[in-house]
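Notes follow the structure.
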Amino acid sequence: MTVGPGVLTIDLGAIQANWRTLSKLVAPAECAAVVKADAYGLGAEQVIPALGAAGCRTFFVATLAEGIQARQLAPSARVFVLNGLIDDTAIGPVRQADVIPVLSTLAEVTSYARFARASGRRWPAALHLDSGLNRLGLSARDVSTLSAMPDVFEPLDIVLVMSHLASADDPADRKNAAQRSAFDVLRCGLPAAPASLAASDGLMLGAHFHYDVVRPGYALYGGQAFGGGPTPVAPVVTLAVRVLQVREVAVGETVGYSATWTAQRPSRIAVLAAGYADGLPRTLSAGTGREASFVRIKGHRAPLIGRVSMDLVTVDVTSFPDRVERGDLAMVLEPHLSIEQLARAGDTIGYEILTRLGRRFERNYVEGTA
Ligand SMILES: *Cc1c(COP(=O)(O)O)cnc(C)c1O
């Protein structure tokens, strides 16, 4: 380990194993991989080739820039750009990068069709239907408008029709079935094409949610957002942060900004080299989350105390059997201290923890045992 504030270890072998596991789970549906936001903060440059080597042939990203990068990293794969065409100026770069825009508005569909027609070629495209999330997607009214325009799809090769679930993490939520029915009704008004509805949680709802392609992101990175039981994936990230200093704090002294913590006993406080600028939510500051915040040092729990600051956080090591020293490592994430636990303690979700993991940590990519 170098002199940096900490080491973020990313197990590419575990990501590959997770993709293979989910692939088997959803077969004969195809398992794609969502690698938007720099592969959920873990590094598209490493993650995309690893998934390609595992056999993944279809990638989803959010933006055109991410699509261009994915195209370079997976030259023979299909790359879908979820955010579609910002405006007509995106069409040239989309064609040049050979990525597939996911079209969510009437304007995008008609524009893309017009340009395709002028080119004299059929261009691949995906359609995003809104089945009740009310985020991106063509509405029922848009779909009926399109079905009344018989030639609009002629110059387009619709390779995927997709929608996205609002509450897939809760298998008891009736919105899941309602969205599935809405998706099926909407698809009837459009050219027949392979379909996709499920992301990480949706694919856990059962085979009738799998359709032709599933689109997990979070679960590939070890995420466990599904509320109906464990998703069969292994943890991917560990984060070890250095202890910069250990100090004795007398009874009545306070620690940190706004003096939110007061020593009730003579205390030993370890100062760690990571803060909210490194992705530790400031909401971890003692007592605000649904669970206590802690790190693990030498196998023991050290509770966070006081406020998380930009580059530092403080933990209580008073009752530690082994003396904690400057230079020791504090585990912020490890298999037994998950992104979900950290998220609950910080009143957020594991997705946010992952995508914000700091760029100041040394990154160690390992192949694992998979
Ligand atoms: C982000 C995203 C996904 C992946 O979701 P996970 O919960 O990370 O599996 C799939 N589809 C769409 C439309 C998305 O925006």
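Both counts, for ligands and for their atoms, begin at 1 and track the order of listing.
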Item to check | Within the protein, residues bringing a heavy atom under 4.0 Å of ligand 1, chain by chain | outcome: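 Within 4.0 Å of ligand 1, the protein residues are V34, K36, Y40, L82, R135, M162, H164, A199, S200, R215, P216, G217, Y218, Y351.
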Checklist entry - Quick one: do E30 and R78 make a salt bridge, cutoff under 4.0 Å? => result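 Judged by the 4.0 Å cut-off on N to carboxylate O distance, E30 and R78 do form a salt bridge.
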Checklist entry - Is there a path of hydrophobic side-chain contacts, each under 4.5 Å between heavy atoms of I, L, V, M, F, W or Y residues, that connects M149 with W123? => result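 M149 clusters together with W123.
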Checklist entry - Same cluster for L136 and V34 if Ile/Leu/Val/Met/Phe/Trp/Tyr side chains link at under 4.5 Å? => result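 As far as the 4.5 Å side-chain criterion goes, V34 and L136 are not connected within one cluster.
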Next on the checklist: Does the plane of the ring in F60 sit parallel, tilted or perpendicular to the ring in F80? Use 30° and 60° as the thresholds.
Outcome noted: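 Because their plane-to-plane angle is under 30°, the rings of F60 and F80 count as parallel.
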Next on the checklist: Could you walk me through whether T145 and D142 satisfy the side chain to side chain donor-acceptor pair (under 3.5 Å) test, starting with their C-alpha distance in whole Å, then the side-chain angles of each, then the deciding distance to 0.1 Å, before giving a yes or no?
Outcome noted: CA-CA 5 Å; T145 304; D142 295 336; 5.3 Å; no
Checklist entry - Cation-pi between R301 and F294: NZ/CZ under 6.0 Å from ring centre and within 45° of the ring axis? => result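 Yes, R301 lies over the aromatic ring of F294.
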